[in-house]
Amino acid sequence: MASTQGPGRARPHAPWSSAAWRDTAFTASGVPLHFAGWAILGVPWWGLMPVNATPILLLVAATALPVLLLARPATRAHRERAWAMLGLDVPPLPEWPDGPFRSPLRALRTAEMWRELRYHLLVGPLLACGALLVLACWTAGLLLSTVVLYAWALPDGSTLSLGTHAVRTALLCALGVLLLAAAPLLASAVRALDVAAVTTLLAPDRAKELERRVEDLAEKRAEVVDAADLERRRIERDLHDGAQQRLVSLALNLGLARETLTGVPDDAMKVIVEAHEEAKEALTELRTLIRGLHPAVLEDRGLDAALSGVAARVPVPVRLRVEVPERASSTVEAVAYFVVSEALTNVVKHARATSVEVAVLREGATLRVVVGDDGVGGADPARGTGLTGLARRVRSVDGTFRVTSPAGGPTTLTVELPCAL
Amino acid sequence: MRVVIAEDSVLLRAGLIKLLESTGFEVAAAVGEADGLLAAVAEHRPELAVVDVRMPPGYTDEGVRAALVIRREHPEVAVLLLSQYVEERYAADLLSAHTSGVGYLLKDRVADVSAFLDALRRVAAGGTALDPEVVSQLLLRRHNDPLGRLTPREREVLGLMAEGRSNAGIAAALVVSESAVAKHINNIFTKLDLPHAEGDHRRVLAVLRFLDGET
């Protein structure tokens, strides 16, 4: 409802429109709260009127403390007011960590508390004055615009009677109509000011809020990345314990049949031999697949050990240099492993290279992975799905990814990963 | 020949038992984890232990560690490690302590029944059986490069030697005569400055020491 009309903007409304009444009600509803702060601070002086320094200080302290204590509930009340009457959702301020009784003085050290006090003690009373002005506008407008009825009822000769003072009465009536027209405008303006004050002074600081949000999101993303990594390991374990063992067993039985069965017709033996060969091929494929997911040796012995296994399986000669004196987090290691094994797969598939250099170096808090080949080049991350997947996986841990691959080669892939998430 | 099997997959354990028993081995015990393996070896004193690398409780390299213990405490028991993946680093662990009576093969190799049984017998007899994948990983790590002086054929021969094959085995694999193999081997040892050694076993040792040396 109100959000579509933009509660923070002042705009003219007809006096009989619901918006005019809403604005008036909203501004008026703030008045008691707006004056409450100064009432607490001021009223005791009325009755006590201390003259010496000590009682004055005591009274200051005794009145200031409730104001501090009530600042946060008052803020909540204003938020509720904005939500109930304007549909404006003001985000809540962070809770005091130590509860309401120990915190007020500590809260004085926070920027939030000072902004709240600024609202409750300075801006609020001014807004309340504005609200009173709005109410006065309505009242005076109503009274004056109806003065003509009153004058009509008066006998001739009295100060306002229609017959003798028609011009004066007409002027007053016109003034009343003008005030009635002005009241919604004023109400709208006060409402807009109040909304602006509430959103800037009673809502959390935007920059800080964003900072918190970024931290929160970074944490969540790290969790998601870790979870994905864990999932990969689970799948690897499942395949290893399940399908792979079954396939080995199958291949073993077929191998036994092939070697020990005698007197089998030739065509039956041919089928056995074919099945045996296929089972062995399936095993090799499954092994490559599983090793690409997450090799156990990576966890166990680190990147150097795991990568030498990958490099040895590549049909192109690979020079591998791994200098990682201190191991990176397991998720980052998994990404580095994936980068190298995917990059090598790409080289084999597309590059027509005669040699590949792989270097994995730890430089301070970054892990630098460089894969260079002397192939035909022309690799484009925008097209190849392999490179896209690589870039995505690297970005998931805040790494950077660069490919230089002019047509004709050579191709160099450089990836930098933060060692800890 | 008496054998102890350690393999956590029930299916594969049954398959191995069937394979070994149907080809004249005697399976003294078959267990599912490393502690059970050590106990079984101590109890049965087999000639050979066939050990899965990845076993409970950690599912990482329990088998490698158990193999090292067996080789240390029962030097007369040969150990053949089986694994879904072979890792040069595990092989290095194994070989840095012993190069006789040890083997390290991909599980897939059990499917090639006669070659697998061949490897079993070789290891049980005090020889070596290294998976070709391990050997290629080891070769990769030696990149600067007395290996560069070898001809492609000599590199092939070196790889087969590292797997633990005999001259006859190498000759059969490459389809050449044994004397040609002997000539290649001579060249290799000269080019790599290795001491000439008699017998398959010490020859493997020299080759592996060379491959496992610093790069």
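Worth saying up front: this structure is predicted, and the values here are computed from it rather than measured.
Between chain B and the residues A:V310, A:T284, A:L247, A:V297, the most heavy-atom pairs under 4.5 angstrom are made by A:V297. Contact tally against chain B (heavy-atom pairs below 4.5 Å) for A:R237, A:K280, A:H240: the top residue is A:H240. In terms of heavy-atom pairs under 4.5 Å with chain A, the best-connected choice from B:G15, B:S22, B:S9 is B:S9. Looking only at heavy-atom pairs under 4.5 Å with chain B, the residue among A:P317, A:A312, A:A279 that has the most is A:A312. Top candidate by heavy-atom pairs under 4.5 Å with chain B, chosen from A:I290, A:L286, A:D241, is A:I290.
Between the side chain of B:E163 and the backbone N or O of B:L160 there is no donor-acceptor pair closer than 3.5 Å. Put simply, the side chain of B:R13 gets close to the backbone of B:E7: a donor and an acceptor are under 3.5 Å apart. A donor-acceptor pair is defined here as one N or O able to donate and one able to accept, closer than 3.5 Å; no such pair exists between the side chain of A:R327 and the backbone of A:E333.
Heavy-atom proximity under 4.5 angstrom to chain B picks out A:A251, A:L252, A:N253, A:G255, A:L256, A:E259 from residues 250-269 of chain A.
A cation-pi contact, defined as under 6.0 Å to the ring centre and within 45° of the axis, is absent between B:R109 and B:F116.
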For this session: Decide yes or no on salt bridge (charged side-chain N to carboxylate O under 4.0 Å, His left out) for B:E33 and B:R54, but give the supporting numbers first.
Result: CA-CA 9 Å; B:E33 31 80 46; B:R54 206 166 150 184; over 6 Å; no
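Residues A:R287 and B:Y85 approach most closely at CG-CD2, 3.6 Å, considering heavy atoms.
With 3.5 Å as the limit, one finds no donor-acceptor pair spanning the side chains of A:Q244 and B:K107. Side-chain contact of A:R291 with A:Y337: a donor-acceptor pair under 3.5 Å is present, judged by distance alone.
Residue contact with chain A, scored on non-hydrogen atoms closer than 4.5 Å, involves the backbone and the side chain of B:Q84 alike.
Under the side-chain hydrogen bond (donor to acceptor under 3.5 Å, both in side chains) criterion, the residue pairs touching residues 338-362 of chain A are A:T354-A:D374, with sequence neighbours excluded.
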